[in-house]
Amino acid sequence: MESKFHITKTNHSRINETDFENLKFGTVFSDHMFEADFKDGEWSKGVIRPLENLSFHPAMVALHYGQSIFEGMKAFKNVDGEPVLFRPELHAQRLNKSAARLCMPDFPEQEFVEALKALVDVDRKWISDVEGASLYIRPFMFASESFLGVRAATEYKLLIFTMPVNKYYDHPVSLIAEEKYVRAAEGGVGEAKASGNYAASLLPAKLAKEKGFDQALWLDGKEFKYIQEVGTMNIFFVIDGVVVTPATDGAILKGITRKSLIEICKDMDISVEERKISIDELIEAGKDGKIDEVFGAGTAAVVSHVNRMKLRDYEINFEIKEDGISKKLKKQLTNIRTGKVEDKFNWVVPVPSAILV
Ligand code: COI
(Lines give C-alpha, C1' and ligand atoms only; values in the text may rest on other atoms or scores of the structure.)
Protein backbone atom coordinates (compact mmCIF):
# COMPACT_ATOMS: atom_id res chain seq x y z
CA MET A 1 0.00 0.00 0.00
CA GLU A 2 1.44 3.34 -1.01
CA SER A 3 1.41 6.20 1.45
CA LYS A 4 -1.12 8.94 0.69
CA PHE A 5 1.54 11.51 1.52
CA HIS A 6 4.45 12.45 -0.66
CA ILE A 7 7.55 11.11 1.08
CA THR A 8 11.11 12.32 0.54
CA LYS A 9 13.56 10.15 2.43
CA THR A 10 16.82 11.42 3.84
CA ASN A 11 20.13 10.35 2.32
CA HIS A 12 21.87 11.03 5.62
CA SER A 13 20.20 9.01 8.36
CA ARG A 14 21.64 9.69 11.82
CA ILE A 15 20.51 6.35 13.19
CA ASN A 16 23.95 4.73 13.20
CA GLU A 17 25.40 7.60 15.25
CA THR A 18 22.68 7.28 17.89
CA ASP A 19 23.42 5.77 21.30
CA PHE A 20 19.99 4.30 22.12
CA GLU A 21 21.09 3.22 25.61
CA ASN A 22 21.89 6.78 26.65
CA LEU A 23 19.24 9.15 25.36
CA LYS A 24 18.68 12.45 27.08
CA PHE A 25 14.97 13.21 26.61
CA GLY A 26 14.39 15.82 23.93
CA THR A 27 17.88 15.93 22.46
CA VAL A 28 17.91 13.20 19.84
CA PHE A 29 15.59 13.39 16.85
CA SER A 30 14.73 10.81 14.23
CA ASP A 31 15.19 11.46 10.54
CA HIS A 32 11.89 12.77 9.15
CA MET A 33 9.01 15.13 9.82
CA PHE A 34 5.47 15.60 8.56
CA GLU A 35 4.47 19.05 7.37
CA ALA A 36 1.19 20.64 6.28
CA ASP A 37 0.28 24.31 5.80
CA PHE A 38 -3.01 26.11 6.26
CA LYS A 39 -3.60 29.00 3.89
CA ASP A 40 -6.66 30.55 2.21
CA GLY A 41 -8.92 28.56 4.51
CA GLU A 42 -7.58 25.07 3.77
CA TRP A 43 -4.81 22.64 4.64
CA SER A 44 -2.26 21.67 2.01
CA LYS A 45 -1.64 18.03 1.24
CA GLY A 46 0.82 16.89 3.90
CA VAL A 47 4.33 15.76 3.04
CA ILE A 48 6.96 13.75 4.88
CA ARG A 49 10.48 15.01 4.39
CA PRO A 50 13.86 15.01 6.13
CA LEU A 51 13.86 16.83 9.48
CA GLU A 52 15.61 20.15 9.05
CA ASN A 53 15.66 23.74 10.28
CA LEU A 54 12.84 26.04 9.22
CA SER A 55 13.13 29.66 8.28
CA PHE A 56 10.55 32.26 9.26
CA HIS A 57 9.82 35.96 9.11
CA PRO A 58 10.56 37.94 12.32
CA ALA A 59 6.90 38.97 12.45
CA MET A 60 5.63 35.39 12.55
CA VAL A 61 2.53 35.56 14.78
CA ALA A 62 3.33 32.51 16.97
CA LEU A 63 6.50 34.22 18.22
CA HIS A 64 4.70 37.37 19.32
CA TYR A 65 1.27 36.36 20.52
CA GLY A 66 1.76 32.71 21.35
CA GLN A 67 -0.72 31.07 18.98
CA SER A 68 0.97 27.71 19.33
CA ILE A 69 -0.24 24.33 20.57
CA PHE A 70 1.20 20.84 20.72
CA GLU A 71 0.55 17.20 21.52
CA GLY A 72 2.76 14.58 23.10
CA MET A 73 2.27 10.94 22.23
CA LYS A 74 4.25 7.76 21.73
CA ALA A 75 4.73 4.81 19.40
CA PHE A 76 5.83 1.50 20.92
CA LYS A 77 7.20 -1.72 19.55
CA ASN A 78 4.86 -4.60 20.27
CA VAL A 79 5.82 -8.16 21.16
CA ASP A 80 6.07 -8.96 17.43
CA GLY A 81 8.52 -6.10 16.90
CA GLU A 82 5.95 -3.99 15.01
CA PRO A 83 5.29 -0.32 15.83
CA VAL A 84 1.93 0.62 17.35
CA LEU A 85 0.31 3.92 18.31
CA PHE A 86 -1.55 4.44 21.56
CA ARG A 87 -5.01 6.04 21.31
CA PRO A 88 -4.02 8.37 18.45
CA GLU A 89 -7.62 9.44 17.82
CA LEU A 90 -7.78 10.96 21.32
CA HIS A 91 -4.68 13.00 20.56
CA ALA A 92 -6.26 14.13 17.27
CA GLN A 93 -9.36 15.25 19.17
CA ARG A 94 -7.36 17.01 21.87
CA LEU A 95 -5.23 18.83 19.30
CA ASN A 96 -8.41 20.19 17.75
CA LYS A 97 -9.83 21.18 21.15
CA SER A 98 -6.63 23.09 21.88
CA ALA A 99 -6.82 24.63 18.40
CA ALA A 100 -10.41 25.77 18.97
CA ARG A 101 -9.47 27.44 22.28
CA LEU A 102 -6.63 29.34 20.63
CA CYS A 103 -8.70 30.30 17.59
CA MET A 104 -6.73 28.06 15.26
CA PRO A 105 -8.09 25.80 12.50
CA ASP A 106 -9.10 22.17 12.94
CA PHE A 107 -6.86 19.54 11.39
CA PRO A 108 -8.88 16.58 9.99
CA GLU A 109 -8.63 13.81 12.58
CA GLN A 110 -8.44 10.93 10.14
CA GLU A 111 -5.67 12.69 8.21
CA PHE A 112 -3.79 13.30 11.47
CA VAL A 113 -3.85 9.60 12.38
CA GLU A 114 -2.74 8.66 8.87
CA ALA A 115 0.10 11.17 9.05
CA LEU A 116 1.23 9.61 12.35
CA LYS A 117 1.17 6.14 10.87
CA ALA A 118 3.11 7.19 7.76
CA LEU A 119 5.73 9.08 9.77
CA VAL A 120 6.24 6.30 12.32
CA ASP A 121 6.44 3.81 9.48
CA VAL A 122 9.23 5.80 7.77
CA ASP A 123 11.19 6.05 11.04
CA ARG A 124 10.18 2.66 12.49
CA LYS A 125 13.84 1.64 13.01
CA TRP A 126 14.17 4.45 15.57
CA ILE A 127 12.13 2.47 18.14
CA SER A 128 14.90 0.61 19.88
CA ASP A 129 14.84 -2.65 21.81
CA VAL A 130 16.12 -1.00 25.00
CA GLU A 131 13.78 -1.82 27.92
CA GLY A 132 11.12 0.93 28.19
CA ALA A 133 12.10 2.56 24.90
CA SER A 134 9.56 4.27 22.63
CA LEU A 135 9.29 6.86 19.91
CA TYR A 136 8.01 10.12 21.37
CA ILE A 137 5.87 11.95 18.83
CA ARG A 138 5.55 15.71 18.92
CA PRO A 139 2.78 17.13 16.72
CA PHE A 140 2.47 20.92 16.94
CA MET A 141 0.62 23.70 15.20
CA PHE A 142 1.55 27.35 15.16
CA ALA A 143 0.52 30.60 13.51
CA SER A 144 2.98 31.00 10.67
CA GLU A 145 1.61 34.20 9.18
CA SER A 146 3.89 37.25 9.15
CA PHE A 147 1.72 39.92 10.65
CA LEU A 148 2.06 42.11 13.69
CA GLY A 149 -1.42 42.64 15.09
CA VAL A 150 -3.51 40.97 17.74
CA ARG A 151 -5.99 38.88 15.80
CA ALA A 152 -6.11 35.21 14.86
CA ALA A 153 -3.62 34.46 12.11
CA THR A 154 -4.79 33.29 8.71
CA GLU A 155 -1.83 30.95 8.10
CA TYR A 156 -0.68 27.99 10.19
CA LYS A 157 1.78 25.15 10.02
CA LEU A 158 1.32 21.66 11.43
CA LEU A 159 4.53 19.73 11.96
CA ILE A 160 5.12 16.33 13.48
CA PHE A 161 8.56 15.06 14.39
CA THR A 162 9.65 12.15 16.53
CA MET A 163 12.39 11.34 19.04
CA PRO A 164 13.66 8.02 20.37
CA VAL A 165 13.26 8.15 24.15
CA ASN A 166 13.79 6.09 27.24
CA LYS A 167 12.51 7.20 30.67
CA TYR A 168 11.53 10.88 31.20
CA TYR A 169 12.35 10.80 34.92
CA ASP A 170 15.19 8.47 35.85
CA HIS A 171 14.49 8.84 39.57
CA PRO A 172 11.40 9.27 41.78
CA VAL A 173 10.08 12.83 41.72
CA SER A 174 9.80 15.34 44.57
CA LEU A 175 7.06 18.00 44.54
CA ILE A 176 6.38 21.26 46.33
CA ALA A 177 2.93 22.86 46.35
CA GLU A 178 3.20 26.27 44.68
CA GLU A 179 1.55 28.98 46.74
CA LYS A 180 2.38 32.14 44.84
CA TYR A 181 2.18 31.46 41.11
CA VAL A 182 -0.63 29.75 39.21
CA ARG A 183 -0.41 27.54 36.15
CA ALA A 184 -3.98 28.05 34.99
CA ALA A 185 -7.35 29.32 36.11
CA GLU A 186 -10.82 28.17 35.15
CA GLY A 187 -11.81 29.90 31.93
CA GLY A 188 -8.17 30.23 30.87
CA VAL A 189 -6.18 27.94 28.59
CA GLY A 190 -5.08 25.35 31.16
CA GLU A 191 -7.03 22.56 29.52
CA ALA A 192 -5.44 23.28 26.14
CA LYS A 193 -1.98 22.03 25.35
CA ALA A 194 -0.93 25.60 24.69
CA SER A 195 2.80 26.28 24.53
CA GLY A 196 2.40 29.33 26.77
CA ASN A 197 1.19 27.18 29.67
CA TYR A 198 4.61 25.59 29.76
CA ALA A 199 6.44 28.92 29.50
CA ALA A 200 4.46 30.18 32.50
CA SER A 201 5.53 27.16 34.53
CA LEU A 202 9.27 27.68 34.08
CA LEU A 203 9.92 30.26 36.80
CA PRO A 204 8.01 28.37 39.52
CA ALA A 205 9.76 25.15 38.38
CA LYS A 206 13.13 26.91 38.73
CA LEU A 207 12.20 28.17 42.20
CA ALA A 208 11.04 24.66 43.18
CA LYS A 209 14.46 23.34 42.07
CA GLU A 210 16.24 25.97 44.15
CA LYS A 211 14.29 24.70 47.16
CA GLY A 212 15.42 21.15 46.42
CA PHE A 213 12.32 19.79 44.61
CA ASP A 214 11.94 18.48 41.07
CA GLN A 215 8.63 20.11 40.20
CA ALA A 216 5.92 22.45 41.43
CA LEU A 217 2.58 20.92 42.40
CA TRP A 218 -0.02 23.36 41.09
CA LEU A 219 -2.95 24.57 43.15
CA ASP A 220 -6.10 26.21 41.79
CA GLY A 221 -5.79 29.83 40.73
CA LYS A 222 -8.63 31.19 42.86
CA GLU A 223 -8.15 29.94 46.39
CA PHE A 224 -4.77 28.15 46.26
CA LYS A 225 -6.64 25.31 47.88
CA TYR A 226 -7.28 22.52 45.39
CA ILE A 227 -4.64 20.34 43.76
CA GLN A 228 -4.46 20.64 39.95
CA GLU A 229 -1.52 18.83 38.29
CA VAL A 230 2.24 18.92 38.00
CA GLY A 231 2.60 20.49 34.54
CA THR A 232 4.69 17.67 33.13
CA MET A 233 2.06 15.17 34.28
CA ASN A 234 -1.34 14.72 35.96
CA ILE A 235 -1.24 13.73 39.61
CA PHE A 236 -2.69 10.71 41.44
CA PHE A 237 -2.83 9.87 45.14
CA VAL A 238 -3.61 6.55 46.75
CA ILE A 239 -5.46 7.53 49.92
CA ASP A 240 -6.59 4.70 52.18
CA GLY A 241 -6.46 2.25 49.30
CA VAL A 242 -8.47 4.46 46.91
CA VAL A 243 -6.88 6.00 43.81
CA VAL A 244 -7.83 9.67 43.73
CA THR A 245 -7.07 12.26 41.07
CA PRO A 246 -8.29 15.84 40.69
CA ALA A 247 -11.41 16.10 38.52
CA THR A 248 -10.69 18.14 35.40
CA ASP A 249 -12.26 21.56 35.79
CA GLY A 250 -11.19 23.49 32.71
CA ALA A 251 -7.81 24.37 34.20
CA ILE A 252 -6.30 20.88 34.28
CA LEU A 253 -4.95 19.10 31.21
CA LYS A 254 -7.17 16.20 30.19
CA GLY A 255 -4.32 13.73 30.06
CA ILE A 256 -4.75 10.65 27.89
CA THR A 257 -2.53 8.59 30.21
CA ARG A 258 -4.65 9.92 33.10
CA LYS A 259 -7.86 8.81 31.37
CA SER A 260 -6.34 5.41 30.49
CA LEU A 261 -5.23 4.76 34.08
CA ILE A 262 -8.69 5.59 35.40
CA GLU A 263 -10.16 3.13 32.90
CA ILE A 264 -7.59 0.48 33.85
CA CYS A 265 -8.42 0.96 37.56
CA LYS A 266 -12.11 0.38 36.83
CA ASP A 267 -11.26 -2.71 34.79
CA MET A 268 -9.02 -4.09 37.56
CA ASP A 269 -11.58 -3.37 40.29
CA ILE A 270 -9.34 -0.80 41.92
CA SER A 271 -11.43 1.95 43.57
CA VAL A 272 -10.85 5.21 41.76
CA GLU A 273 -12.28 8.69 42.25
CA GLU A 274 -12.06 11.88 40.19
CA ARG A 275 -12.87 14.74 42.51
CA LYS A 276 -11.63 17.91 44.11
CA ILE A 277 -8.71 17.26 46.48
CA SER A 278 -7.74 20.06 48.80
CA ILE A 279 -4.26 20.63 50.16
CA ASP A 280 -5.79 20.47 53.67
CA GLU A 281 -7.24 17.02 52.98
CA LEU A 282 -3.82 15.84 51.84
CA ILE A 283 -2.03 17.25 54.87
CA GLU A 284 -4.53 15.59 57.18
CA ALA A 285 -4.37 12.28 55.30
CA GLY A 286 -0.57 12.45 55.41
CA LYS A 287 -0.54 13.09 59.15
CA ASP A 288 -2.96 10.19 59.68
CA GLY A 289 -0.67 7.90 57.67
CA LYS A 290 -3.34 7.42 55.01
CA ILE A 291 -1.43 8.42 51.88
CA ASP A 292 -0.13 5.13 50.54
CA GLU A 293 1.32 6.35 47.24
CA VAL A 294 1.64 9.40 45.02
CA PHE A 295 2.38 9.26 41.33
CA GLY A 296 2.23 11.32 38.18
CA ALA A 297 0.88 10.20 34.81
CA GLY A 298 1.61 11.59 31.37
CA THR A 299 2.76 10.56 27.92
CA ALA A 300 6.38 11.43 28.61
CA ALA A 301 6.31 10.58 32.31
CA VAL A 302 4.18 7.39 31.85
CA VAL A 303 3.69 6.57 35.57
CA SER A 304 6.33 8.39 37.64
CA HIS A 305 6.58 7.76 41.34
CA VAL A 306 6.67 10.65 43.81
CA ASN A 307 8.87 10.08 46.84
CA ARG A 308 8.62 13.46 48.61
CA MET A 309 6.02 16.18 48.82
CA LYS A 310 5.97 19.54 50.58
CA LEU A 311 2.52 20.93 51.32
CA ARG A 312 2.80 24.33 53.04
CA ASP A 313 4.92 23.58 56.16
CA TYR A 314 4.21 19.88 56.06
CA GLU A 315 6.66 17.53 54.37
CA ILE A 316 6.09 13.87 53.70
CA ASN A 317 8.31 11.11 52.26
CA PHE A 318 7.15 7.94 50.56
CA GLU A 319 8.71 4.57 50.02
CA ILE A 320 8.17 3.24 46.51
CA LYS A 321 6.22 0.03 47.07
CA GLU A 322 7.15 -2.83 44.78
CA ASP A 323 3.66 -4.31 45.23
CA GLY A 324 1.90 -0.91 45.16
CA ILE A 325 -1.03 0.13 42.99
CA SER A 326 1.05 2.50 40.86
CA LYS A 327 3.45 -0.29 39.85
CA LYS A 328 0.47 -2.50 38.98
CA LEU A 329 -1.10 0.22 36.85
CA LYS A 330 2.16 1.00 35.08
CA LYS A 331 2.71 -2.66 34.30
CA GLN A 332 -0.80 -3.12 32.95
CA LEU A 333 -0.56 0.02 30.79
CA THR A 334 2.82 -1.08 29.40
CA ASN A 335 1.55 -4.59 28.75
CA ILE A 336 -1.49 -3.30 26.87
CA ARG A 337 0.71 -1.03 24.76
CA THR A 338 3.15 -3.74 23.85
CA GLY A 339 0.55 -6.46 23.33
CA LYS A 340 1.68 -8.60 26.29
CA VAL A 341 -1.92 -8.61 27.52
CA GLU A 342 -5.10 -8.46 25.49
CA ASP A 343 -6.06 -4.94 24.35
CA LYS A 344 -9.72 -5.31 25.21
CA PHE A 345 -10.22 -1.56 25.02
CA ASN A 346 -8.98 -1.28 21.42
CA TRP A 347 -6.48 1.39 22.37
CA VAL A 348 -3.59 0.13 20.31
CA VAL A 349 -3.40 0.99 16.60
CA PRO A 350 -0.91 -0.89 14.41
CA VAL A 351 1.35 1.02 12.03
CA PRO A 352 1.22 -0.81 8.71
CA SER A 353 4.40 -1.03 6.72
CA ALA A 354 4.25 0.62 3.32
CA ILE A 355 7.08 -1.66 2.21
CA LEU A 356 5.51 -4.97 3.23
CA VAL A 357 1.83 -4.40 2.53
C1 COI B 1 3.94 14.88 27.44
O2 COI B 1 3.87 14.15 28.42
O3 COI B 1 3.94 14.41 26.30
C4 COI B 1 4.05 16.32 27.56
O5 COI B 1 3.70 17.00 26.65
C6 COI B 1 4.69 16.89 28.76
C7 COI B 1 6.00 17.49 28.45
C8 COI B 1 6.48 18.15 29.67
C9 COI B 1 7.03 16.52 27.96
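Throughout, residue positions are numbered sequentially from 1 according to the sequence presented. Order of appearance sets the numbers: ligands from 1, and atoms from 1 within every ligand.
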Of Glu35, Glu114, Lys45, the residue whose pairing with Phe5 passes side chain to side chain contact (heavy atoms under 4.5 Å, CB included): Glu114
Under a 3.5 Å threshold, I'd like every N/O contact between ligand 1 and protein atoms, with atom names and distance.
unit_1: ligand 1; atom_1: 2 (O); unit_2: Thr299; atom_2: N; d: 3.4
unit_1: ligand 1; atom_1: 2 (O); unit_2: Ala300; atom_2: N; d: 2.8
unit_1: ligand 1; atom_1: 3 (O); unit_2: Tyr136; atom_2: OH; d: 2.5
unit_1: ligand 1; atom_1: 5 (O); unit_2: Tyr136; atom_2: OH; d: 3.4
unit_1: ligand 1; atom_1: 5 (O); unit_2: Lys193; atom_2: NZ; d: 2.8

Lys287 to Tyr314, cation-pi by 6.0 Å centre distance and 45° axis angle: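 Yes, Lys287 sits over the ring of Tyr314.
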With a cut-off of 3.5 Å and sequence neighbours excluded, list every side-chain donor-acceptor pair involving residues 132-140.
unit_1: Tyr136; atom_1: OH; unit_2: Arg138; atom_2: NH2; d: 2.8
unit_1: Arg138; atom_1: NE; unit_2: Glu71; atom_2: O; d: 2.9

Centroid separation under 6.0 Å, is that true for the rings of Tyr156 and Phe107?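 Centroid distance Phe107-Tyr156: not below 6.0 Å, so no.
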Anything under 30° is parallel, anything over 60° is perpendicular, the rest tilted; go ahead and classify Phe295 against Phe236.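 Phe295 vs Phe236 ring planes: parallel.
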Any carboxylate oxygen within less than 4.0 angstrom of a Lys/Arg side-chain nitrogen, looking at Lys310 and Glu179?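 Judged by the 4.0 Å cut-off on N to carboxylate O distance, Lys310 and Glu179 do not form a salt bridge.
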